[in-house]
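In what follows, a structure is listed as structure tokens, so that the remarks can point back to it.
Excluded from the calculations below are hydrogen atoms, water molecules and symmetry mates; all remaining heavy atoms, backbone and side chain alike, are included. The chains referred to below are lettered A, B, ... by the order of the sequence lines, with proteins before strands, and numbering in each begins at 1.
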2 protein chains.
Amino acid sequence: MTIVSGIVGCVTDERLQDDGYVAYGVTVDLVILTIRAEQLCVLLVRRGLAPFAGALALPGGFVRLDETLVEAARRELAEETGLLLPEPPPQGSAWPGVHLEQLAAYGAIDRDPRARILTIAFLALAPDLPEPRSGTDAAAAEFVPVAALTGLGGLGGLAFDHAEILADGLERARAKLEYTALATAFCPAEFTVAELRRVYEIVWGAPLDARNFHRKVTGTPGFLEPVGHSTARDGGRPAALYRRGAAEILHPAMRRARAAGP
Amino acid sequence: MTIVSGIVGCVTDERLQDDGYVAYGVTVDLVILTIRAEQLCVLLVRRGLAPFAGALALPGGFVRLDETLVEAARRELAEETGLLLPEPPPQGSAWPGVHLEQLAAYGAIDRDPRARILTIAFLALAPDLPEPRSGTDAAAAEFVPVAALTGLGGLGGLAFDHAEILADGLERARAKLEYTALATAFCPAEFTVAELRRVYEIVWGAPLDARNFHRKVTGTPGFLEPVGHSTARDGGRPAALYRRGAAEILHPAMRRARAAGP
DNA sequence: GCCCCTTATCGTCATTTCGACGAGATCAAC
DNA sequence: GTTGATCTCGTCGAAATGACGATAAGGGGC
């Protein structure tokens, strides 16, 4: 049992000893979702260092002593995607265009073979981003279609417990589309109703009726704000452009298709 | 900058130095809610040690190296309430009668004046429990009506950032009553529809129509399973007894009164 | 210009759910 | 038996949903 010499932890209060204080490493890991080429994609890095060298993993890194968890997540997001987010708003979850929220903490004993390391996972939703630039500790970062991972029967092949984290992040995103206006985080500043509907269809993996969807989103006050007009991006009749409204939650909720309907 | 001598952390991999590894203290804190005497109550301890000696705080403690986060939360729950929970089921969130789930991680830099300490908060919902026994590090533990705390304008007076954690836990509990069958966690094994309705009314702080509530819960398949009959616990016509059903989520959701309805 | 194809938007209609409430059922207490 | 409480079943209109028809408004080929 040795303490690594480069440790930076600062513990000056001897009373901590009495409480059973032990030291942990703490990281943040990010589930960064976006939609590219009609597919839900997650940003993954190929690890250059052991453990799991060569395997795909969620981007992340250690939390510094002078930053909070959200700040660490924001820094990692910037490092991996080049996205420079403005100062965090009071509630820490509503940047224009990009959504960032805490997902959960993961603390299985052997989740990292090196030491007892805890990770706080964050979920980020973003519109189509420029090609990610290689981060410092990541050999390469790329957006991978989620379908290409789940096809192998349960997200196998990811480093650490990142398969579980990714599964939780996907479920959180899918669930939140139901009762929040979060789907707009996948869209650019101005978008059409059809583009928003494609977001739902891609994330949920099920088709939605265009007429009922249009009625729902335009009929919910505060969800969408009309702007001007759009060129026919898809060849048909031009569609009205909207900007995301002030509403954060949807009442009543949008409903995805039930598994076994009565 | 000194390292506390009693540290137990085990870090043997020198590669960690290159990644910016720093050591944190990690605790779990519990928001344990129950209903006593028609009031929503939270278990609080009065701290005997500095910092915040004498102040009220959520029960919690450091996570040991040989236990996961959920196990630490389960141990603290047992220490503070005397509740001995059976082995955790696969999903870790459905003990008979008691509900335990992770709430969030809190990592503000100065949340603990002694050192950089991270806490993972858990939310526990339980039926009326026996008087809590004094834990090891807690001078005294007692159930405090939530209304008595919020009356002072925002949960003031709790140690650390426990006011924020408690507020998040309350909001989580209130929200989850809407779309899950979680309210039964506040009830004993067998209960009447009216007792379940009282749970909703107490947690949400608003009255519900008894007829519509009855139609809703008995009409949702899998929510309740009938048993036999009950004595009139409340003086009126005897009510049928139910046991919690297999359904975990409610579709459509129960709805609490909106703030400003259209 | 004109037909055809594509997509957007509006409307219709039966079904389900919700909120508000009436009314009978069944106990204890007096 | 009457009163008073609570449980439980029903009714009715408003709102939301799901399925789908119908029209509006562009582009492309000829």
Task: Along DNA chain C (nearest heavy atom to each residue), the more 5'-positioned of B:P252 and A:H214 - done: A:H214

Just the rounded figure in Å: distance from [atom2] of [N] to [atom1] of [X].
X	N	atom1	atom2	result
A:F213	D:dA16	CZ	P	17 Å
A:N212	D:dA15	CG	C1'	15 Å
B:R215	C:dG19	CZ	P	9 Å
A:R198	C:dA8	CZ	C1'	16 Å
A:L196	C:dA8	CG	P	12 Å
B:D209	D:dT11	CG	P	17 Å
B:M254	C:dC18	CE	P	9 Å
B:R255	D:dA15	CZ	P	12 Å

Counting only side-chain heavy atoms from C-beta out, which of [options] sits nearest to [X]?
X	options	value
B:A194	D:dT17, D:dC7, C:dT9	D:dC7
B:P238	D:dG18, C:dT9, C:dC27	C:dC27
B:R211	D:dC7, C:dC10, C:dC21	C:dC21
A:V193	C:dT9, D:dA25, D:dC7	C:dT9

Open item on the list: Using a distance-only criterion (donor-acceptor N/O pair, under 3.5 Å, no hydrogens), is the base of D:dC7 paired with the side chain of B:R237?
Closed with: yes

- [ ] With heavy atoms under 4.0 Å as the rule, sort B:A210 into base, sugar-phosphate or nothing.
- [x] nothing

Task: Heavy-atom side-chain contact between B:L100 and B:F122 under 4.5 Å - done: yes

Open item on the list: Between A:V98 and A:L125, is there a side-chain heavy-atom distance shorter than 4.5 Å?
Closed with: no

Open item on the list: I want to check one thing: is the phosphate of D:dA16, taken as OP1 and OP2, less than 4.0 Å away from some side-chain N or O of A:K216?
Closed with: no

Open item on the list: Does C:dA8 have OP1 or OP2 under 4.0 Å away from a side-chain N or O of A:R197?
Closed with: yes

Open item on the list: Hydrogens and angles aside, do A:T34 and A:D128 bring a side-chain donor and acceptor to less than 3.5 Å of each other?
Closed with: no

TODO: May I ask you to check whether B:Y242 and B:F191 place their ring centres under 6.0 Å from each other?
DONE: no

TODO: Run the salt-bridge test on B:E178 and B:R256 with the 4.0 Å N-O cut-off and return the result as yes or no.
DONE: yes

